[in-house]
Structures are given as C-alpha cells and as structure tokens.
Amino acid sequence: MRLLIVEDEKRLAISLARGLTAEGFAVDVVHDGLEGLHRASDGAYDLVVLDIMLPGMNGYRVCAALRAAGHEVPILMLTAKDGEYDEAEGLDTGADDYLTKPFSYVVLVARVRALLRRRAVAGSPVVTVGSLRMDTAARRVHRGEEEIALTAKEFAVLEQLVLRAGQVVSKAEILEHVWDFAYDGDPNIVEVYVSTLRRKLGTASIRTMRGAGYRLEAL
C-alpha cells in the first residue's frame with residue numbers, strides 16, 4: 001500500500017513517514033497543499049493523511065477538490081484545531097476520518113488500517129490465484145492449507161502481482177507502489193524480492209517476462 005502524507009510540520013511528517021514505512025507501507029511526504037493536491041490527483045495512492053492548516057491550499061480545499069474530481073482515495077485528516085464544527089467541516093468536504101493533534105501514533109496506525117480495510121471490503125479483501133490465497137486486510141498468505149510467512153516488503157511485492165495475476169507487471173510499477181517516491185537505490189532490489197518469493201512460493205509461481213516484467217501464474 002502506498003500512502004501520501006501532506007503535513008507542513010516537517011518533524012512530524014518525517015516521524016510519521018518513518019513509522020508507517022516500518023509498518024510496511026510505501027510513504028511519500030509533501031509539505032504544501034497545492035503539491036499534495038497534485039500528487040494525490042495522480043491516483044497512485046491508497047490513502048492520504050492530510051493536515052488542514054497547510055501553506056498554498058488548506059486541507060479542506062484539497063479534500064474538496066479531490067472529491068469534486070471524482071477521486072475516492074481514503075482521506076484521514078489531521079489538525080491542531082479542536083471542536084465538533086471543525087470535525088464536521090472536514091467530514092463534510094469528503095474526509096473519511098479525522099484525528100486531532102496531539103494524537104497517539106498507535107491510534108493513527110489503527111485508523112489508517114481501518115480505512116484501508118473498509119476500502120478492501122468494498123471489493124473482496126481475499127484474492128485467490130490457484131492454490132494461493134492472499135488476505136489483503138489481515139495481511140496473511142496461504143498456499144493450500146500452509147501459511148507462508150512474509151516480511152512486509154515481500155507481502156507488498158506479492159500483492160502487486162496477485163492483484164494483477166496473469167498480467168505482466170513491470171519492475172517500475174512494483175517500485176512505484178512498494179518503495180516511496182524518494183527511493184533512489186538499485187532498481188534491481190525488485191529482483192531480489194522476486195527471487196525470495198519464488199523460493200517461498202515455488203519456482204514456477206512467478207515468471208520473468210524478459211524486458212517487460214513479471215507475471216504471477218496459478219500455483
């Protein structure tokens with residue numbers, strides 16, 4: 001899952017990004033409302049954590065603009081304001097949830113996961129490809145009756161392949177959704193994770209399409 005944090009308090013934004021990255025999310029951070037709207041409008045994110053008091057464009061306007069353009073990405077609003085009218089205004093503009101600063105990091109992660117589960121339930125959180133079963137809400141993978149233990153990044157890479165099973169997924173697409181925007185390391189890191197997944201799932205599970213990417217086939 002890829003998250004966007006739009007927060008002008010840089011220390012808070014960096015702290016949240018580090019924590020959510022450790023939870024297995026790919027996280028991008030911007031500090032300006034206009035830049036946040038631009039990034040979120042690209043449609044590459046599974047959830048947006050959006051502060052209200054922002055330079056350039058406040059969070060209410062960013063949220064309203066995204067909803068007016070038809071974007072349904074879950075939005076969790078953050079604000080230093082307090083009071084039921086502020087909360088109502090945030091929800092009225094299309095936000096899905098609201099958290100007042102200062103807040104518990106544990107609560108924020110729980111709210112993020114709850115919003116993502118809610119979105120998954122709109123479709124089906126469980127995806128089956130042959131004998132492979134992935135529960136994207138519970139973050140568990142089974143092959144037949146056996147549960148396969150995966151790290152957060154392994155799960156994220158496999159998720160990209162499972163959600164497009166039978167299709168070719170490029171290395172660039174996997175990098176975009178699993179690693180954050182600022183990642184400038186070796187793109188061959190994807191090959192390392194695919195190799196590990198093959199070892200855990202079976203060598204015939206993920207085919208390399210030379211020059212194009214990878215394709216997950218029924219096990």
Side-chain angles (χ1 to χ4, degrees), residues 1-4 16-28 43-49 72-74 76 96 105-106 108-181 183 185-210 212-219:
M1 295 290 182
R2 190 171 184 184
L3 311 183
L4 175 65
L16 291 178
R18 286 175 177 167
L20 289 167
T21 298
E23 297 286 338
F25 298 105
V27 183
D28 294 334
Y45 296 99
D46 298 289
L47 183 140
V48 177
V49 178
E72 298 180 354
V73 60
L76 172 60
D96 297 275
Y105 172 73
V106 173
L108 179 132
V109 173
R111 296 281 185 92
V112 166
R113 292 201 183 281
L115 288 174
L116 292 173
R117 282 197 302 272
R118 193 183 307 167
R119 189 185 195 192
V121 168
S124 173
V126 180
V127 184
T128 301
V129 182
S131 63
L132 185 71
R133 187 173 74 259
M134 170 177 274
D135 187 329
T136 59
R139 301 183 70 77
R140 300 176 69 180
V141 176
H142 289 79
R143 183 177 181 183
E145 298 301 316
E146 176 189 3
E147 182 167 1
I148 300 170
L150 300 178
T151 67
K153 275 287 191 282
E154 289 166 359
F155 185 95
V157 171
L158 181 60
E159 184 177 29
Q160 295 304 310
L161 298 172
V162 165
L163 293 177
R164 294 175 57 186
Q167 303 177 35
V168 177
V169 184
S170 71
K171 186 185 298 183
E173 289 173 314
I174 294 173
L175 277 171
E176 178 182 351
H177 285 277
V178 178
W179 281 267
D180 61 39
F181 182 78
Y183 179 76
D186 188 346
N188 289 327
I189 189 69
V190 174
E191 295 177 14
V192 175
Y193 279 89
V194 167
S195 177
T196 301
L197 287 170
R198 283 188 175 125
R199 177 171 54 80
K200 292 186 175 184
L201 301 176
T203 55
S205 57
I206 303 173
R207 291 193 60 186
T208 298
M209 313 305 292
R210 193 170 299 277
Y214 305 98
R215 184 174 67 203
L216 178 70
E217 300 186 342
L219 302 172

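Each residue takes its place number in the sequence, starting with 1.
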**Request:** Run the numbers on Val73 and Leu4 for side chain to side chain contact (heavy atoms under 4.5 Å, CB included), then give the verdict.
**Result:** CA-CA 10 Å; Val73 60; Leu4 175 65; over 6 Å; no

Working to the nearest 0.5 angstrom, can you tell me the gap between [X] [atom1] and [Y] [atom2]?
X: Glu154; Y: Arg199; atom1: CD; atom2: CZ; value: 7.5 Å
X: Ile206; Y: Arg215; atom1: CD1; atom2: CZ; value: 12.5 Å
X: Thr208; Y: Lys171; atom1: OG1; atom2: NZ; value: 9.0 Å
X: Lys153; Y: Thr196; atom1: NZ; atom2: OG1; value: 13.5 Å
X: Tyr193; Y: Thr151; atom1: OH; atom2: OG1; value: 5.5 Å

**Prompt:** So, do Leu161 and Val129 sit near enough that their side-chain heavy atoms are less than 4.5 Å apart?
**Reply:**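 Result no, sub-4.5 Å side-chain heavy-atom pair not found.
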
**Message:** When you compare the side chain of Phe25 with that of Leu47, does any pair of heavy atoms fall below 4.5 Å?
**Reply:**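 Leu47 does not reach Phe25 side chain to side chain.
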
How close do [X] and [Y] get, counting heavy atoms only, and between which atoms?
X: Arg198; Y: Ser205; result: CA-OG, 4.3 Å
X: Gly24; Y: Ala152; result: CA-CB, 3.4 Å
X: Lys200; Y: Ala149; result: NZ-O, 3.0 Å
X: Leu116; Y: Asp46; result: CD2-O, 3.6 Å
X: Tyr214; Y: Ile174; result: CD1-CD1, 4.1 Å

Which side-chain N or O atoms in residues 162-170 pair as donor and acceptor under 3.5 Å with protein atoms at least two apart or in another chain?
| from | atom 1 | to | atom 2 | distance (Å) |
| --- | --- | --- | --- | --- |
| Arg164 | NH1 | Glu173 | OE1 | 3.2 |
| Arg164 | NH1 | Glu173 | OE2 | 3.2 |
| Arg164 | NH2 | Val168 | O | 3.3 |
| Ser170 | OG | Glu173 | N | 3.1 |
| Ser170 | OG | Glu173 | OE1 | 3.3 |

**Prompt:** What's the verdict on side chain to side chain contact (heavy atoms under 4.5 Å, CB included) for Leu20 and Val109, showing C-alpha distance, side-chain angles and the deciding distance?
**Reply:** CA-CA 7 Å; Leu20 289 167; Val109 173; 4.1 Å; yes

**Message:** Going by salt bridge (Lys or Arg N to Asp or Glu O under 4.0 Å), name the residues that satisfy it together with Arg133, two or more places apart in sequence or in a different chain.
**Reply:**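 Listed in chain order: nothing, the list is empty.
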
**Prompt:** Partners of Arg18 by salt bridge (Lys or Arg N to Asp or Glu O under 4.0 Å), sequence neighbours excluded?
**Reply:**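 Result, salt bridge (Lys or Arg N to Asp or Glu O under 4.0 Å) vs Arg18: none returned.
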
**Request:** Starting from the C-alpha separation in whole Å, work towards a yes-or-no answer on side chain to side chain contact (heavy atoms under 4.5 Å, CB included) for Ile189 and Leu175.
**Result:** CA-CA 9 Å; Ile189 189 69; Leu175 277 171; 4.0 Å; yes

